[in-house]
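Proteins come first, then strands; the chains are lettered A, B, ... in the order of their sequence lines, and each starts at number 1. The model shown is predicted, which means the values in this text are computed figures rather than measured ones.
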Amino acid sequence: MASLIIANYSVYAANIIVSFALLSLMFYNLISKTMNRFILLAFAVFAVIATISIANGEGINTYNSVVSAVASFIITAYCLIYFYWKLVSDGRMIGLTASSLFWVIIGVFTYYTGSFFIFISYKYLIVQEASVIGILWRFHNVLLTIFCFYTIYGLACKKYQRT
Amino acid sequence: MQKISENISIILGASILLLLITLFIVMLVMAYLKRDLKFLREKESMEADFEKQLLQSQLETQEETLNKLSTEIHDNVGQLLNSTKLLIGITQRTLAEYPDTLTMADETLAKAIQELRSLSKSLNKEWLEQFNFIENLEAEISRINAAKTMQIHLSRPDALSLKPNQQIILFRIVQEILQNAIKHSRAKNVDIRIKEEEQLLSISVSDDGRGFDEKNITKSVGILNIEHRSHLLGGSAQWQSAAGSGTRVTIQIPVNPDKI
């Protein structure tokens, strides 16, 4: 029976990498060409850090805090750039709050920013404080729920507009 | 109950702080958007008001020009023709027998004087203001029909629920459409249908003239004036035409006293 128990850390790693790639693609298509250079640079930095971390550091058999934290940090930066670009540089912000993507991005921003310290400390804490770490994961789930609420609000209550 | 360690408390506290910061940023973004939207709406409203005032002053200038033209026709050309008619009458009385051509000249002159009087009246805003839209339109139709180049048929309600100044603007619109038909369409018949339903006044002017290709037409001053006047009344003007198939102009005006 013990042989059937497989650690799911590799799934967490795959999840964060795929999520990061999809969100990068989304922001790449949303933001202006000038700003896109930042996304390409950030994506390259993430790819290098993730490769080094997986190949020579934390691997995928334990929770990879570095990959999660870097992804979380860069996605937060994407969101801030998006808000800056929308509010300062782009003139087409009428009806922005009526756009699904706006609410999805607010959800992404809340989730990844709020989870940053959890991601970065999780590997350390899982060793040091294994018995009480569940509370952090429950807080993470609260953030995930907030993200889901924003997304549902965006998709269900607002007309789809690509902005 | 599990005791939360210092490490967990710090991470939890830092995460909650970040969550609050994100909420603050989201609220900031929303407030900025709200403020900007309000500013843009105010700006649009001011621009619309300015455009309306500009349009109003342009139309007032046009009305002044028409009034001046009307006065010139009545007081200058009209008086000259009246004097000429008087002289013909004197000549007729001094001659024992006078040629038929003189009688014909006298009659033609009488028609010309009558025509000029009607034209002068239809151009004069103060004169038009004494009557409603229907009365003015019927006078205009009689004037045009009298020339016998085309026949205008009118289908109308008894009265319109428009303010007097709106009725004058509407009359100018229809007058311009009829002038376009006379000048360009080579039509024999023109139908004017006016109906007022569900707070929408609809005027359709269709002719059986040569029409025009909508794709190749450039907007003349007359057409632009019709559009401007329609917009001033909060309505719209639409042209439907094809080469050889006549033209239909539809004016739609919301019947709402607050619009102007």
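Of the two parts of A:Leu143, only the side chain, counted from C-beta on, holds a non-hydrogen atom closer than 4.5 Å to a non-hydrogen atom of chain B. For a residue to count as touching a neighbouring chain, one of its non-hydrogen atoms must lie under 4.5 Å from one of that chain's; by this rule A:Leu125 touches chain B with the side chain only. With a 4.5 Å cut-off on non-hydrogen atoms, B:Ile25 touches chain A through its side chain but not through its backbone. Looking at B:Leu23, only its side chain comes within 4.5 Å of chain A, counting heavy atoms on both sides.
Salt-bridge formation is not detected for the pair B:Lys68/B:Glu64: no Lys NZ or Arg NE/NH1/NH2 atom is positioned less than 4.0 Å from an Asp or Glu carboxylate oxygen.
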Side-chain donor-acceptor pairs under 3.5 Å in residues 108-116 of chain A, sequence neighbours left out?
from, atom 1, to, atom 2, distance (Å)
A:Thr110, OG1, A:Ile106, O, 2.8
A:Tyr111, OH, A:His140, NE2, 2.6
A:Thr113, OG1, A:Thr76, OG1, 3.2
A:Thr113, OG1, A:Phe109, O, 2.6
A:Ser115, OG, A:Tyr111, O, 2.7

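For the residue pair A:Asn64 / A:Ser53, a side-chain donor-acceptor distance below 3.5 Å is found, with atom types taken as modelled.
Considering A:Phe73, A:Phe20, A:Tyr78 as possible partners of A:Phe46, the one that fulfils the ring-ring contact (aromatic ring centres under 6.0 Å, His included) test is A:Phe20.
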